[in-house]
Amino acid sequence: VYSYNILIRGFCSWGDISRSLKLFDSMQSSGCSPNYVTYNTLIDSFCKNGCVDDALKLLNQMRSRGVPPNLVTFNATVNGLCREKRVEEARKVVDEIISSGIVPDKITYNTLVNGYCKVGNLHEALILLEEMAQKGVAPNVVTYTSIIDGMCKAGNLRKALDFVSRMRERDVKLNEITYTTLIGGFSKRGFLDDAKLIMNEMVESGILPSVVSYNALINGYCGLERLDEALEIITEMEGKGLVPDVVTYSTLLGAYCRMGDLEMAFQLNEEMAKKNVFPDDVTYSSLVKGLCDVGRLSDALDLFSKMLSLGLCPDQLIYTALIDGYCKEGNTNKAFSLHDEMVKKGILPDVVTYSVLINGLQKVARTKEAKKLLFRLHFQDNIPDKVVYDSLIECCSKTKFRNVVSLLKGLCMKDLIDEADNVFSSMLEKNVKPD
RNA sequence: GCGACCUCAAUGGGAAAC
């Protein structure tokens, strides 16, 4: 069992769940029954690959086979649900384990707190923090870092700092991740000086900034289009013995693309390869979008096939960028053939993809087809489940909700009131309160 | 007794809206 567990773990961390599952089968057929660690490992990797529902199935399987799930099992599951923004379900799981007599630990609470922070529900996160205190579970660095990150992402930097003070009061030491979170939070909002001050503080307290810390800072410079300074930071980090990674280069390269300086972008692309840092799907996505934005669609397609030939996996984002490029050129046929291509490859178009397509059709005044597409989005079950409105509406975090609203607006503008009405009433059925 | 396989936080890419 022990060795199987380690092997399974190995394949999982390589992202190869199917091989893990094969091993899982073969261990059973060779008379070795999986224990709770085996299940936990598999459940966790399902969760981390966005397949919580499969994880839940495994959880049931382990119950029915008499392998009792433990707290680790539940924690992994709760985290999986949170990652998919299904925080309320996560909370239900926690409530259930409590009523079954299991006492949640710090990790359980941290996971939930982080889940709430990630969906922007800081209020609930803070309530949970209180609850932890009441139950005698002391918050640790992880708890505070999650909250600080939530505050930063919500743009509430002051509150973020309040929590830093609170950590100091309670003698909880900030670590590299906490500092990096702060650096990222401040620099993303353009407060580069503060970000640098924080980095200095970090060094003074004896923690060396990592590549990730520098990347966060560089991203701030890129946001303000101060790319020369960003380049200087790279030199600075190299001087400290840090090796810039894909993220470092992609951050800058993406910024050059956004500014329309494709020459520099491609130059960086070559430079990174020279240093044995290989462009990944994100890097390619930035470049492809950059090409699309300046109307070089066939170059974009060429680059895309190059990426495929390198064995990199395309995802919704890069397809959507391409599709948007073609829509904006008015070439909806090509856009749709790309859409079909991605579906064929099992890459599920999401709300953004559809919103791009619908906008494209409307622009070309093919409202009829926009209408059809919307219906498809709405009713058809043989296109990927995730795409139908149900999921859109069901887990209506604010951003997703807005997408529905914009679709509604579009429909109203095009005199498709009936369809808009349909969507609207289906929202009501799903118990979503329209605002 | 101690240890031991599994669970929590940070950085880059897509439309529109604001």
Side-chain angles (χ1 to χ4, degrees), chain A residues 1-6 8-9 12 35-45 47 70-80 82 105-115 117-118 140-150 152 175-185 187-188 210-220 222 245-255 257-258 280-290 292 315-325 327-328 350-360 399 402-403 405-407 409-410:
Chain A
V1 189
Y2 211 85
S3 2
Y4 269 113
N5 286 351
I6 292 171
I8 287 178
R9 167 96 190 127
C12 283
N35 65 2
Y36 62 92
V37 174
T38 324
Y39 278 104
N40 289 351
T41 308
L42 284 169
I43 286 177
D44 183 48
S45 69
C47 286
N70 66 359
L71 192 50
V72 173
T73 323
F74 292 115
N75 287 344
T77 310
V78 169
N79 190 31
C82 287
D105 65 0
K106 203 169 283 189
I107 295 186
T108 321
Y109 282 108
N110 285 349
T111 307
L112 257 189
V113 166
N114 184 47
C117 287
K118 286 278 137 66
N140 63 8
V141 224
V142 177
T143 329
Y144 286 120
T145 303
S146 293
I147 292 180
I148 288 172
D149 186 48
C152 287
N175 64 14
E176 183 205 315
I177 297 186
T178 319
Y179 279 113
T180 303
T181 304
L182 285 163
I183 292 170
S187 61
K188 191 162 272 165
S210 64
V211 178
V212 177
S213 322
Y214 276 102
N215 288 349
L217 187 61
I218 289 171
N219 190 36
C222 289
D245 62 7
V246 228
V247 177
T248 320
Y249 287 108
S250 302
T251 304
L252 252 167
L253 179 152
C257 285
R258 249 175 278 128
D280 64 7
D281 48 330
V282 177
T283 322
Y284 276 101
S285 174
S286 300
L287 290 170
V288 162
K289 164 130 169 51
C292 286
D315 61 8
Q316 295 106 322
L317 272 70
I318 192 162
Y319 266 109
T320 304
L322 276 168
I323 290 173
D324 185 46
C327 281
K328 289 196 167 131
D350 65 8
V351 211
V352 179
T353 319
Y354 277 107
S355 132
V356 165
L357 282 169
I358 289 171
N359 282 337
T399 50
R402 251 183 224 150
N403 284 315
V405 173
S406 78
L407 283 181
K409 261 191 217 156

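Every heavy atom of this structure was used, including side-chain atoms; hydrogens, water molecules and symmetry mates were not.
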| said: Does a side-chain N or O of A/K118 approach OP1 or OP2 of B/rA10 to a distance below 4.0 Å, or not? | reply: yes
| query | To the nearest angstrom, how far is A/F74 atom CZ from B/rU7 atom P? | reply | 16 Å
| request: Identify which nucleotide among B/rG13, B/rA9, B/rC6 has an atom closest to any side-chain atom of A/V72, counting heavy atoms from C-beta outward. | output: B/rC6
| Proximity to the side chain of A/N40 - top-ranked nucleotide from B/rC5, B/rC6, B/rA15 | B/rC6
| query | With a 3.5 Å cut-off and just heavy-atom distances, do the side chain of A/S286 and the base of B/rG12 make a donor-acceptor pair? | reply | no
| said: Checking contacts here: which listed nucleotide (B/rU7, B/rA15, B/rA10) is nearest the side-chain heavy atoms of A/S355? | reply: B/rA15
| said: By nearest atom, which of the nucleotides B/rG13, B/rC8, B/rA15 is closest to the A/D315 side chain? | reply: B/rG13
| said: Does A/T251 contact B/rG12 through a side-chain donor or acceptor facing the base, at a distance under 3.5 Å? | reply: no
| request: Between B/rG14, B/rC5, B/rA10, spot the one nearest the side chain of A/Q316, thanks. | output: B/rG14
| Does the B/rA10 base have a donor-acceptor partner in the side chain of A/N215 within less than 3.5 Å? | no
| Atom CG of A/L71 to atom P of B/rC8: distance rounded to whole Å? | 12 Å
| remark: Taken to the nearest whole Å, CG/A/D350 to P/B/rG13 is 16 Å
| query | So which nucleotide from B/rC5, B/rA10, B/rA9 ends up closest to the side chain of A/V142? | reply | B/rA9
| query | What nucleotide, of B/rC6, B/rG12, B/rG14, holds the atom closest to the side chain of A/R9? | reply | B/rC6
| request: Please state how far atom CG in A/N114 lies from atom C1' in B/rA10, giving the value in whole angstrom units. | output: 10 Å
| request: Take the protein atom CZ of A/R258 and the nucleotide atom P of B/rA15, then report the distance between them rounded to whole Å. | output: 11 Å
| field | Nearest-Å distance for atom pair CD1/P, residues A/I177 and B/rU11 | value | 10 Å
| task | Would you kindly give the OH-to-P distance between A/Y319 and B/rA15, to the nearest whole Å? | result | 18 Å
| said: Counting only side-chain heavy atoms from C-beta out, which of B/rC5, B/rG14, B/rG13 sits nearest to A/V282? | reply: B/rG13
| query | Would you say a side-chain N or O of A/K328 is under 4.0 Å from OP1 or OP2 of B/rG14? | reply | no
| task | Scan A/T283 against the nucleic acid and name what it touches under 4.0 Å (heavy atoms): base, sugar-phosphate only, or nothing. | result | base
| message | Just the rounded figure in Å: distance from C1' of B/rU11 to CD1 of A/I148. | response | 17 Å
